[in-house]
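Here the structure is a predicted model, which means the values were calculated and not measured. Residue numbers run from 1 in the order of the sequence given.
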Amino acid sequence: MGEKVRMDGVYAPSEDIVAREIEGELIIVPLVAGIGDMEDELFTLSDTGRAIWSRLDGEKSLKKTVEELSQEFDGPPGEIEKDVKGLVEELLKRRMLVEISKP
């Protein structure tokens with residue numbers, strides 16, 4: 001059932017979740033049943049995850065997000081792309097992220 005993540009895709013947080021920073025941690029809370037994981041209703045992101053999440057604004061492509069992160073962080077672009085795609089795939093699967101259709 002894996003969601004296909006496209007580098008030219010534009011993604012944004014689902015309207016069915018709320019994300020808040022609490023004591024330095026980003027917490028994603030589902031607002032409707034069936035979002036996230038039945039065993040773990042709260043979803044937290046690491047520092048890397050937060051850096052990616054903050055750029056998933058429904059405006060720029062994943063390719064642009066990877067370019068920005070590559071400039072900000074000292075890491076191989078291929079590894080950064082892998083991390084971005086992995087997180088986006090997981091968040092799509094949990095329905096915490098949606099792909100935005102651009103005209």
Would you indicate whether the side-chain heavy atoms of [Y] and [X] approach each other to under 4.5 Å?
X	Y	answer
Pro13	Trp53	yes
Leu56	Leu62	yes
Arg55	Leu69	yes

### Task
Could you walk me through whether Glu67 and Lys63 pass the side-chain contact (heavy atoms from CB on, under 4.5 Å) test, one step at a time?
CA-CA 6 Å; Glu67 289 171 4; Lys63 182 178 180 191; 3.6 Å; yes
How close do [X] and [Y] get, counting heavy atoms only, and between which atoms?
X	Y	value
Leu26	Glu21	CD1-N, 4.2 Å
Tyr11	Lys4	OH-O, 3.9 Å
Ser14	Ile17	O-CG1, 3.3 Å
Ile100	Gly58	CG1-CA, 3.9 Å
Pro77	Val66	O-CG1, 4.2 Å
Glu99	Leu92	N-CD2, 4.3 Å

### Message
Quick check against the 3.5 Å criterion: does Arg50 have a side-chain atom that pairs as donor or acceptor with the backbone of Gly24?
### Response
yes
### Query
What's the spacing between Leu87 CG and Leu97 CG if we round to 0.5 Å?
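With rounding to 0.5 Å, CG (Leu87) is 8.0 Å from CG (Leu97).
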### Task
Just do the side-chain contact (heavy atoms from CB on, under 4.5 Å) check on Lys60 and Thr65 with the steps written out, would you?
CA-CA 7 Å; Lys60 64 175 127 335; Thr65 297; 3.8 Å; yes
### Query
Is a salt bridge present between Glu90 and Arg94, judged by a nitrogen-to-oxygen distance below 4.0 Å?
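Looking at Arg94 together with Glu90, the answer is yes, because their closest N to O distance falls below 4.0 Å.
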